[in-house]
S.K.: 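Here it is: the structure, laid out below.
Indexing begins at 1, ligand by ligand and atom by atom, following the structure's order.
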Amino acid sequence: READAAAAPALPVAGGDTVTGLLAEIAAIGVDRVRGGYSRPVFSSAEHDLRAWYLAQASKRGLQVDTDRNGVIWAWWPGEPPVDTSAPAVVTGSHLDSVPGGGAFDGPLGVASALVAVDLLRARGVRPVRPFALTVFPEEEGSRFGVACLGSRLLAGTIDPDRARSLTDLNGDSFAEVAARNGLDPRFVGADPEALARIGTFVELHVEQGRGLIDAHQPVGIGSAVLGHGRWKLSISGEGNHAGTTLMADRKDPMVAAARLVVLVRDTARAHPRARATVGRLQPVPGGTNVIASRVDLWLDARHMDDAVTASVVAEIHAGAELIAAEEGCTVTLTEESLSATVHFDPALRDRLATVLPGAPVLDTGAGHDAAILSGFVSTAMLFVRNPSGISHSPEEYVEDSDAEAGAAALADALEALLIS
Ligand code: HGY
Ligand code: MN
Ligand code: MN
Ligand code: MN
C-alpha cells in the first residue's frame with residue numbers, strides 16, 4: 001500500500017465500527033414481532049429510522065450525503081485532490097428495505113460493509129483518484145409497491161414514471177402519495193441520466209442467498225449473472241357466498257381454483273430443469289372465515305437463466321389456470337407486474353475482481369439486485385458473502401461475524417483497486 005497514510009484527506013475515521021457492530025445497530029430497527037425477522041417496507045417508520053441511521057453513519061465518516069429525486073441516498077467521499085472530479089465514479093451500495101419477515105443481512109450487509117470499507121480505505125491511506133460514493137436504493141424488494149428494484153429502475157429510467165407514481169400499496173396509497181409524504185416530489189421521479197452518467201463502476205456486496213460459498217468452502221464470491229425473473233398477478237373470480245347456506249354443488253369457489261393453481265405452478269416449474277416458480281402471496285377477497293371468496297388474487301414469481309424458459313413456464317401456467325378456472329366455474333386474468341431479463345455482469349470487471357480476490361469462486365444468483373438493473377448502463381459487479389444457512393428472505397438468513405468482516409475487507413480491496421487507477 002504505497003499510498004501515504006499521513007497525506008490522506010482529513011476525514012474523521014468512525015469509531016472503528018465493524019460490520020457486525022453496524023449490523024447489530026441496524027438489527028434494533030424494524031423487528032417484526034408477529035412474523036419474526038425484520039419488516040422494513042420502503043417509507044415505513046422502520047425504514048425511515050434506518051435511513052436516518054445511515055445518513056448519520058455516512059456523515060460521521062465525512063461523506064457528503066444527498067437524497068436524490070428518486071429517494072436514492074448518495075454518500076460521496078470528498079472530491080478533494082487527487083480526485084479527478086470529471087472521472088467516472090466508483091459506487092458501491094445496496095438496500096435497507098426488506099421483505100416481510102426478512103433476514104438481518106439481505107441489503108444491510110452490503111450497506112454496512114460499504115461503510116466499513118470506507119473506514120478500511122481511510123485506515124490504509126488510500127487516496128482515490130476518481131469520485132467515490134456509497135448508495136442506498138429504495139424499494140429493492142418491491143414489498144410495498146410490487147415492483148422490485150423500483151429505486152434503481154427509476155434512476156435508470158427502466159420504469160415509466162407515470163406507472164411508478166400510480167403503483168399502490170396494500171392500503172391503496174399510491175407511490176406518488178407516499179413519496180410526497182416522505183420528502184420526494186413525485187412530479188420529478190424518473191430517469192436521472194446525469195446521475196447515471198457519473199457512475200463508471202458499480203459494485204454491490206450482498207449476502208449469498210444460496211449454498212454456493214458453503215459448498216466451495218469460501219467466505220466471499222464474485223457474481224457472474226442474475227437469473228431473469230418476473231412477477232405476475234393472477235386474479236381468479238368466482239361467486240362469493242355464505243359458507244353455511246351454499247351447497248357444495250352450487251359453488252364457484254375461487255379459493256379451490258387457487259389451491260389447484262398453486263400445485264400447477266409447482267408441477268410446471270418441476271417440468272423445466274432449474275426453473276423456479278413460486279406463489280408466495282395469495283389474497284382472498286373478502287377473506288372471511290365464513291365467506292366463500294368472490295375473488296382470489298395470487299402473485300407468481302418465476303425465474304430461469306433462459307428467459308425463453310421463463311416465458312414458457314408462465315404461458316403454461318396461464319393456460320392451466322384458465323382450464324382450472326373454467327372447471328371451477330370461475331374466470332382468471334393474468335397481469336405482468338415486472339420482468340427482468342437474465343443479466344451477465346461485466347466480464348472484464350468480474351475478471352479484474354477475480355485477480356484482486358484470488359480464490360473467490362464465481363457464481364450466479366437467482367436473486368434480483370439493484371446491480372442487475374444498473375448493469376444495463378454501467379460496468380457492474382457483485383460480491384457475495386457466505387451464508388451458512390443458505391436460506392434468505394427468512395430470519396434463518398445468516399452470516400458468521402468473521403465472514404462479514406472478510407466481506408468488507410474484500411470490498412475494500414476491490415474498491416481500492418478501482419479507486420487508485
Ligand atoms: O426478489 C429478489 O430476488 C430480490 O431479493 N429482490
Ligand atoms: Mn431480497
Ligand atoms: Mn437484497
Ligand atoms: Mn414447456
S.K.: Does D185 pair with R69 as a salt bridge, N-O distance under 4.0 Å?
M.R.: no

S.K.: What part of E140 sits under 4.0 Å from ligand 1 if we count only heavy atoms: the side chain, the backbone, both or neither?
M.R.: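 For E140, backbone and side-chain atoms both sit under 4.0 Å from ligand 1.
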
S.K.: So which of the N, O or S atoms of E141 lies nearest the Mn ion (ligand 2)?
M.R.: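 The nearest such atom is OE2.
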
S.K.: Hey, does H393 sit under 4.0 Å from ligand 1 if you only count heavy atoms?
M.R.: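 Distance cut 4.0 Å: H393 passes for ligand 1.
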
S.K.: Is it true that R165 and D162 have a side-chain N and a carboxylate O under 4.0 angstrom from each other?
M.R.: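 So R165 pairs with D162 through a salt bridge.
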
S.K.: More than 12 heavy atoms of other residues, nucleotides or ligands under 6.0 Å from NE2 of H48: is that the case?
M.R.: no

S.K.: Is any NZ, NE, NH1 or NH2 atom of the basic residue among R144 and D97 found under 4.0 Å from an Asp or Glu carboxylate oxygen of the other?
M.R.: no

S.K.: Which ligand 1 atoms, with their elements, are less than 4.0 angstrom from a heavy-atom of A367?
M.R.: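 The atoms of ligand 1 under 4.0 Å from a heavy atom of A367 are 3 (O).
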
S.K.: Which heavy atom of the protein is the closest neighbour of atom 1 (O) of ligand 1, given with residue, atom name and distance?
M.R.: R303 NH2, 2.9 Å

S.K.: The Mn ion (ligand 3) to H206: any N/O/S contact under 2.8 Å?
M.R.: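 Checking the Mn ion (ligand 3) against H206, an N, O or S atom does fall under 2.8 Å.
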
S.K.: Check whether the ring centres of H272 and H304 lie less than 6.0 Å apart, and answer yes or no.
M.R.: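 No: the rings miss the under 6.0 Å criterion.
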
S.K.: G366 to ligand 1: N or O pair under 3.5 Å?
M.R.: no

S.K.: Does any N, O or S atom in H393 come within less than 2.8 Å of the Mn ion (ligand 2)?
M.R.: yes

S.K.: Can you pull out the closest protein heavy atom to atom 4 (C) of ligand 1? Residue, atom name and distance to 0.1 Å, please.
M.R.: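 Scanning the protein heavy atoms, the shortest distance from atom 4 (C) of ligand 1 goes to G368 O, 3.4 Å.
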
S.K.: Which ligand 1 atoms does E141 reach within 4.0 Å, using its non-hydrogen atoms?
M.R.: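 So the atoms of ligand 1 that pass are 4 (C), 5 (O), 6 (N).
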
S.K.: Is a salt bridge present between R181 and E177, judged by a nitrogen-to-oxygen distance below 4.0 Å?
M.R.: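 Here R181 does not pair with E177 in a salt bridge, since their nearest N and O are not under 4.0 Å apart.
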
S.K.: Does a sphere of radius 6.0 Å around CZ in R274 hold more than 12 heavy atoms from other residues, nucleotides or ligands, not counting ones at 6.0 Å or beyond?
M.R.: no

S.K.: With the Mn ion (ligand 3) as the reference point, give the N/O/S atom of D106 that is nearest.
M.R.: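 Looking at D106, the N, O or S atom with the least distance to the Mn ion (ligand 3) is OD1.
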
S.K.: Looking at W76, I'd like to know if the NZ or CZ of R198 sits under 6.0 Å from its six-membered ring centre while staying within 45 degrees of the ring's axis.
M.R.: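 Cation-pi check for R198 and W76: passes.
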
